[in-house]
Undergrad: 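Please find one structure pasted underneath; my questions will follow.
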Amino acid sequence: MKQIVVAESLTKHYGDFPALKGVSFNISEGECFGLLGHNGAGKSTTLKMLYGLARVESGQLRLFDHPISLTPPAIKQILGVVPQEDNLDPDLPVLENLITYARLFGIGRAQAREKSLAMLRFMGLDAKEESLIDALSGGQKRRLVIARALLNSPRLLILDEPTTGLDPQGRHLVWQKLRGLKSEGVTMVLTTHYMEEAAQLCDRLVIMHEGLVLTEGTPSELVASHVLPFVIEIRLPLDAIPDDIGDRVNAFGGEALPVMEGLFLYTREGNRLWQQIGDWGLPQHSCFLRPASLEDVFLRLTGRGTEP
Amino acid sequence: MIGAFRVLSRHWQVFARTWLHNLMFNVAEPLLYLSALGFGLGMLIGDIEGVSYLQFIAPGMVALSAMYSATFECTYGTFLRLHYQKTLQAILVGPVTVGEVIAGELLYGMFKSVLFGVVILIVVSILGLVPAVTAVFIPLFLVLPGAVFSILAVCYTAMIKNIDQLNYYITLAIMPFFLFGGLYFPVGNLPDWVQQLNWLNPLYHSIEVCRALALGQISDRLWVHVAVLSAMIIVLARLPLRLMKNRLLV
Ligand SMILES: Nc1ncnc2c1ncn2[C@@H]1O[C@H](COP(=O)(O)OP(=O)(O)O)[C@@H](O)[C@H]1O
Ligand SMILES: [Mg+2]
């Protein structure tokens, strides 16, 4: 499979602060690749290096088989970018925002208009053509930024928190559109806080923490290799949980992990442990049994859960 | 360089929507000066260097309007696009270089400078204050000071982090250009050292050339002013990119 992005040991400092401390990953053609991590993990910095707002400081970056120190126009021509911050042009109304942006890519005016109208329809914004940017809701702005990123029919779509700030309905709409693009063969890289989003969209992902890649794999590989398959969440304050639970779970062959809201018990045998905990002084009505997910991998590796 | 013109075409789209508002803003001020000082002081002063006081200051108003237009576009305008609207970053994500984004800013500043200089030129011509046909060369000439003021403004804007700091530029650079540039009185009346400093004052050169062209006082000396302005452009040309690069890229 052709490699669209090859990143090796990328570093970046802001002044003395190391934002990236050696980040490596590859993205193959047609793949949807995710970067997960808390705020400040270095996700946006990594993406800016791909889309040409950050220079490669050290390490190696190749895009479409070209070595990159600062992404040149010829490569930016085939990228679609959704930056973390909406930077729509407040001086122009909705449709003109898109047309003007398309013109930047050398698309002729008539075709730019046609494409822009098509993208507005695609993102469900066709009633907003003449609206001013300031009159759009947060979710509409986000969808317009995504529409803008698609105008040049990009071969690599770079999405920095595409659904942050969207309501659940808007989020599902965007997921559906992105899945559609993926099935057309568009390569994608996205960052997200939402584990569900990563699990739904990403073929492969990395978890980043403080400028490093902690792990890489498919969502199911990550779950299989980092946590046991079942979790019992104990939703009690830590001081209401008997002290010896940790030892008992270990003896049972499981593992206990304290989290902010209580204690999580990981096990291979969910049902058997579920039957046990009553005897250990844990009322079942304040506990919850579920299969392990990416969220647990995240928790395990970074020491805390994702922001709500 | 095609990228620079694509960036400019974005600015053109905005201009097409706001030109009327722009016109009011850019034209009102020079005309207010012209009427207040021209009619007020003109009564007291009578003729200067063989022409009426209004004829003396009218070409300066053209130069002034051109300076203000470039300056405001490339200070406040550029600052907003860089720090508030993030328009420049959005454009830079497209297939253009930082140099082309900056060139687009400068071209826009120059465009507005020439345009609003010409608007004042038309107004003062209609008022009968422009006796010589050589005035038709003024629009062409205005490209030079337009470039100088745009470059200076982008450089300063690149160096500041807070929009209030633009006031320093207006008060400490633009105002002295304007007060000592020979707009209201011949610079020959100024102390010698001010006259020497005026060689660094782009508005002084601009006023001298506009006035000579408007009044038909053509001499070889005009080439000296053109040469100084051209030299300023050559010396400063690379500076906006060097300063802005670190604002747009990390
Ligand atoms: N322009 C900047 N100047 C200084 N520090 C920055 C800048 N951008 C990001 N940082 C810092 O670098 C780290 C990584 O930031 P970022 O890449 O935005 O992370 P993420 O997108 O994962 O939240 C953070 O600690 C952030 O505060
Ligand atoms: Mg970020």
Side-chain angles (χ1 to χ4, degrees), chain A residues 12-15 19-20 44-45 47-57 69-93 95-107 109 112 132-134 145 148-149 151-152 154 158 160, chain B residues 1-22 25 72-74 76-105 107-108 111-112 161 241-242 244-250:
Chain A
K12 189 82 198 178
H13 286 78
Y14 292 112
L20 301 182
S44 295
T45 303
L47 292 192
K48 280 181 187 169
M49 239 178 233
L50 302 187
Y51 66 72
L53 283 195
R55 288 171 273 220
V56 176
E57 182 184 280
S69 63
L70 176 65
T71 307
I75 287 183
K76 291 198 273 189
Q77 180 78 33
I78 52 173
L79 302 182
V81 179
V82 175
Q84 185 173 341
E85 262 179 86
D86 294 331
N87 54 10
L88 294 159
D89 198 329
D91 294 334
L92 298 169
L95 179 61
E96 197 57 50
N97 248 273
L98 296 191
I99 295 176
T100 305
Y101 208 74
R103 303 274 287 132
L104 204 56
F105 286 82
I107 301 173
R109 184 143 190 107
L132 291 173
I133 298 303
D134 289 339
V145 176
R148 187 181 67 180
L151 288 168
N152 58 325
I158 300 173
D160 200 351
Chain B
M1 223 42 207
I2 178 113
F5 289 95
R6 290 187 183 157
V7 176
L8 185 61
S9 100
R10 175 268 168 201
H11 296 328
W12 172 255
Q13 283 306 320
V14 177
F15 179 78
R17 287 169 188 276
T18 53
W19 65 271
L20 191 63
H21 173 77
N22 259 280
F25 177 75
F72 279 100
E73 194 50 56
C74 293
Y76 287 96
T78 299
F79 193 92
L80 290 181
R81 287 190 285 275
L82 176 66
H83 291 290
Y84 289 82
Q85 308 181 349
K86 310 272 182 198
T87 309
L88 299 188
Q89 288 85 341
I91 293 172
L92 186 56
V93 168
V96 292
T97 61
V98 186
E100 288 167 335
V101 174
I102 301 309
E105 294 295 300
L107 288 172
Y108 191 35
F111 162 73
K112 282 194 148 180
K161 288 197 162 154
L241 175 59
R242 286 219 343 236
M244 270 291 178
K245 216 168 196 163
N246 295 323
R247 284 276 177 255
L248 281 166
L249 296 177
V250 292

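Within every chain, numbering begins at 1; the chains are lettered A, B, ... in the order of the sequence lines, protein sequences first and strands thereafter. In this text the structure is predicted, and so the values were computed from the model without any measurement.
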Undergrad: Select one option (side chain, backbone, both, neither) describing which atoms of B/Ile91 are under 4.5 Å from chain A's heavy atoms.
TA: both
Undergrad: Shorter than 4.5 Å, heavy atoms on both sides: which option in B/Thr87, B/Val93, B/Val98 has the most such pairs with chain A?
TA: B/Val93
Undergrad: State, yes or no, whether a side-chain contact exists between B/Val14 and A/Leu92 at a heavy-atom distance under 4.5 Å.
TA: yes
Undergrad: To the nearest 0.5 angstrom, please state how far the CD atom of B/Gln85 sits from the CD1 atom of A/Ile133.
TA: 11.0 Å
Undergrad: Answer with side chain, backbone, both or neither: which region of B/Leu249 has an atom nearer than 4.5 Å to a non-hydrogen atom of chain A?
TA: both
Undergrad: Compare every heavy atom of B/Ala90 with every heavy atom of A/Arg148, then report the nearest pair and how far apart it is.
TA: NH1-CB, 4.0 Å
Undergrad: Hey, does the side chain of A/Lys76 reach the backbone of B/Thr97 with a donor-acceptor pair shorter than 3.5 angstrom?
TA: no
Undergrad: Which bit of A/Glu57 is near chain B, if near means a heavy-atom gap under 4.5 Å: side chain, backbone, both or neither?
TA: neither
Undergrad: Does B/Gln89 reach the side chain of A/Lys48, with side-chain heavy atoms less than 4.5 Å apart?
TA: no
Undergrad: Between A/Tyr14 (side chain only) and B/Val250 (backbone N and O only), is there a donor and an acceptor less than 3.5 Å apart?
TA: no
Undergrad: Let me know if A/Leu88 has heavy atoms under 4.5 Å from chain B in its side chain, its backbone, both or neither.
TA: backbone
Undergrad: Under a 4.0 Å N-O cut-off, is there an ion pair linking B/Arg10 with A/Asp91?
TA: yes
Undergrad: Mind listing the closest non-hydrogen atom pair of A/Leu104 and B/Gly94 along with its distance?
TA: CD2-CA, 4.4 Å
Undergrad: Top residue by heavy-atom pair count (under 4.5 Å) with chain B, among A/Thr100, A/Asp89, A/Thr71?
TA: A/Asp89
Undergrad: Which atoms form the tightest heavy-atom contact between B/Arg6 and A/Arg103, and what is the distance?
TA: CD-O, 3.6 Å
Undergrad: Would you say that B/Arg17 contacts A/Glu96 through its side chain, given a criterion of any heavy-atom pair below 4.5 Å between the two side chains?
TA: yes
